[in-house]
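Some notes on the structure that comes next.
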Amino acid sequence: MSPIFRRKQARAPEDRLVTLIRKPGCHLCDDAQLVIEKVCGDLGVPWERKDIDQDPQLHDQYWEQIPVVLVDSEQHTFWRVDEERLRKALTD
């Protein structure tokens with residue numbers, strides 16, 4: 001008997017969450033935030049911003065990759081955020 005493959009069930013935009021992990025004074029972080037604001041605004045997806053200077057665990061985990069973008073608590077990308085890739089991740 002062959003295994004049955006199930007496709008991930010699509011989630012409504014309002015049930016998704018994008019997290020930007022950043023630090024102050026980071027120009028790549030500012031660029032990433034602009035992309036996140038645009039894509040999340042277009043799709044109605046909530047997003048949040050976390051500062052590695054305020055959270056030692058985030059600092060230890062991500063300090064070499066800032067900015068880091070999480071989608072639903074899973075790492076999506078770091079350093080540069082591609083608008084189309086983020087949009088696709090949120091609509092698939």
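All values reported here derive from a predicted model rather than from experimental measurement.
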How far does [atom1] of [X] sit from [atom2] of [Y], to the nearest 0.5 angstrom?
X     : Y     : atom1 : atom2 : result
Cys29 : Asp51 : SG    : CG    : 9.0 Å
Asp31 : Trp79 : CG    : CH2   : 15.0 Å
Glu37 : Trp47 : CD    : CH2   : 4.5 Å
Arg49 : Arg22 : CZ    : CZ    : 5.0 Å
Lys50 : Thr19 : NZ    : OG1   : 5.5 Å

For the residue pair [X] and [Y], establish whether any side-chain heavy-atom pair is separated by less than 4.5 Å.
X     : Y     : result
Lys23 : Trp63 : no
Arg80 : Val35 : no
Leu28 : Ile66 : no
Gln54 : His59 : no
Pro13 : Leu90 : no

Indicate if [X] and [Y] have the same hydrophobic cluster label, given that clusters are the connected sets of ILVMFWY residues with side-chain heavy-atom separations under 4.5 angstrom.
X     : Y     : value
Val39 : Val18 : yes
Leu20 : Val68 : no
Leu70 : Ile36 : no

(message) Please determine whether a side-chain nitrogen of the Lys or Arg among Asp72 and Arg16 lies less than 4.0 Å from a carboxylate oxygen of the Asp or Glu.
(response)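 Arg16 and Asp72: salt-bridged.
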(message) Under a 4.0 Å threshold between the charged nitrogen and the carboxylate oxygen, would Lys88 count as salt-bridged to Asp92?
(response)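 Here Asp92 pairs with Lys88 in a salt bridge, since their nearest N and O are under 4.0 Å apart.
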(request) Check the side chains of Gln57 and Gln61 for a donor-acceptor pair under 3.5 angstrom, ignoring hydrogens and angles. (result)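 Gln57 and Gln61 do not have a side-chain donor-acceptor pair below 3.5 Å.
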(request) List the atom of Asp53, the atom of Pro24, and the distance in Å for their closest heavy-atom pair. (result)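 The pair with the smallest heavy-atom distance is OD2-CD, 3.3 Å.
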(request) Search all heavy atoms of Tyr62 against all heavy atoms of Gln75 and return the closest pair with its distance. (result)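 Closest pair (atom of Tyr62, atom of Gln75, distance): CE2-OE1, 3.6 Å.
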(message) If we check side-chain contact (heavy atoms from CB on, under 4.5 Å) with Val71, which of these qualifies: Leu86, Thr77, Leu17?
(response)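 Of the listed options, the one satisfying the test is Leu86.
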